[in-house]
Amino acid sequence: MGAVRIATWNVNSIRSRIERVIPWLERTEVDVLAIQETKTREDQFPFFRFEEIGYEVAHHGLNQWNGVAIASRVGLSDVQAGFAGAPLWGEGETPEARHLAATCGGLRINSVYVPNGRNLVDPHMDYKVEWLARLRDAALTWAAQGPTMIMGDWNIAPQDEDVWSMEFYADKSHVSPRERAAFRAVVEAGYADLVRPLHPGPKVYTYWDYQQLRFQKGRGMRIDFILATPDVAARVTGALIDREERKGKGASDHAPVVVDLADA
DNA sequence: ATGGTAGAAATTCTA
């Protein structure tokens with residue numbers, strides 16, 4: 001496989017964002033895009049818009065919440081929705097669309113949308129930590145099977161420098177020791193952060209709340225990550241957090257994160 | 001001025 005450009009992007013509704021996503025794909029020449037928060041059922045996903053510009057798409061969406069997809073122009077096979085052991089949500093044991101895997105260009109691509117813990121004492125926080133623990137178990141298996149990438153919205157800021165104010169987040173979700181330990185455990189299952197070495201902080205963010213002019217004020221969080229096994233990490237030739245896509249009317253609250261990989 | 005932003009769907013939930 002030759003050089004490839006891989007990206008992840010929480011689009012916050014694929015239907016409301018499609019007129020940004022399609023031109024962005026064409027402009028940036030991304031070969032594989034992992035998408036999170038499609039917020040749509042299968043029958044409402046705009047498959048044709050991707051197909052008409054040369055991408056195959058796999059999507060996993062159950063309702064108006066969550067939803068993950070992978071678009072690829074370097075092949076897309078062995079699609080798997082959900083990983084083995086993934087917990088169900090709540091008393092109702094509701095399945096949620098938070099993981100999709102496919103093989104693209106010789107790489108095993110995992111698009112993940114980690115649950116939002118909401119706050120430190122919410123039941124969603126226990127669910128989040130459990131979900132990450134089970135992801136870690138799956139990730140350990142994947143790392144032994146071949147070149148693997150796990151990318152998406154992790155809803156965790158692993159380091160203090162990954163938020164605009166630790167004082168603001170001190171008693172909130174995303175920065176707690178539990179969440180950070182759960183993220184670190186996935187990394188320690190055999191993965192590297194492909195972007196941080198090229199774009200160290202502080203003040204490097206991938207998400208800015210829509211409220212309070214957070215983007216304009218530079219008040220963001222780094223919560224979207226591309227992790228990969230060492231064989232993939234050794235191929236990285238460049239990385240970009242595309243802040244331009246956070247600008248203007250109709251932007252997602254997340255920026256796309258992009259890496260370039262050299263020939264295998 | 002008791003709000004604030006955005007999206008999906010249904011009069012509220014999620015982030």
By nearest atom, which of the nucleotides B/dG4, B/dA8, B/dA6 is closest to the A/Tyr210 side chain?
B/dA6

Exam field: side chain A/Arg98 to backbone A/Val112, donor-acceptor pair closer than 3.5 Å:
no

Between A/Gly250 and A/Trp89, whichever has its closest DNA chain B nucleotide further toward 5' is A/Gly250

Rounded to whole angstroms, how far apart are CZ on A/Arg246 and P on B/dA6?
9 Å

I'd like the P distance from B/dA9 over to B/dT5, given in whole Å.
23 Å

Counting only side-chain heavy atoms from C-beta out, which of B/dA6, B/dA15, B/dG4 sits nearest to A/Tyr113?
B/dA15

Between B/dT5 (C1') and A/Arg219 (CZ): distance, integer Å:
16 Å

Length of the line joining A/Asn63:CG and B/dA8:C1', which is rounded to integer Å:
10 Å

A/Asp253 has an atom CG; how far is it from atom P of B/dG7, in whole Å?
9 Å

When you compare B/dA6 with B/dA10, how far apart are their P atoms, in angstrom units rounded to a whole number?
23 Å

Can a side chain N or O of A/Arg17 be found less than 4.0 Å away from OP1 or OP2 on B/dA8?
no

Applying ring-ring contact (aromatic ring centres under 6.0 Å, His included), run through A/Trp131 and A/Tyr113 and close with a yes or a no.
CA-CA 10 Å; A/Trp131 196 92; A/Tyr113 180 45; 8.7 Å; no

On a whole-Å scale, what distance lies between the C1' atoms belonging to B/dT12 and B/dA1?
24 Å

Between A/Lys247 (NZ) and B/dA6 (P), how many Å, whole number?
18 Å

A/Arg118 side-chain N/O to B/dA15 phosphate OP1/OP2 under 4.0 Å:
yes

Spacing between A/Glu37 atom CD and B/dA8 atom P, to the nearest angstrom
10 Å

Expressed in whole Å, how much space separates the C1' atoms belonging to B/dG4 and B/dA15?
15 Å

Euclidean distance, atom CG of residue A/Asn116 to atom C1' of B/dG7 [Å, nearest integer]
15 Å

Comparing nearest nucleotides in DNA chain B, the 5'-proximal residue of the pair A/Gln211, A/Gln44 is A/Gln211

Lys/Arg-Asp/Glu bridge criterion (N-O < 4.0 Å) met for A/Asp209, A/Lys217:
no

salt_bridge(A/Glu56, A/Arg73) N-O dist < 4.0 Å
no

Separation of A/Arg214 atom CZ from B/dA6 atom P, in whole Å?
13 Å

Answer yes or no: is there a donor N or O on one side and an acceptor on the other, between the side chain of A/Arg180 and the main chain of A/Gln159, under 3.5 Å?
yes

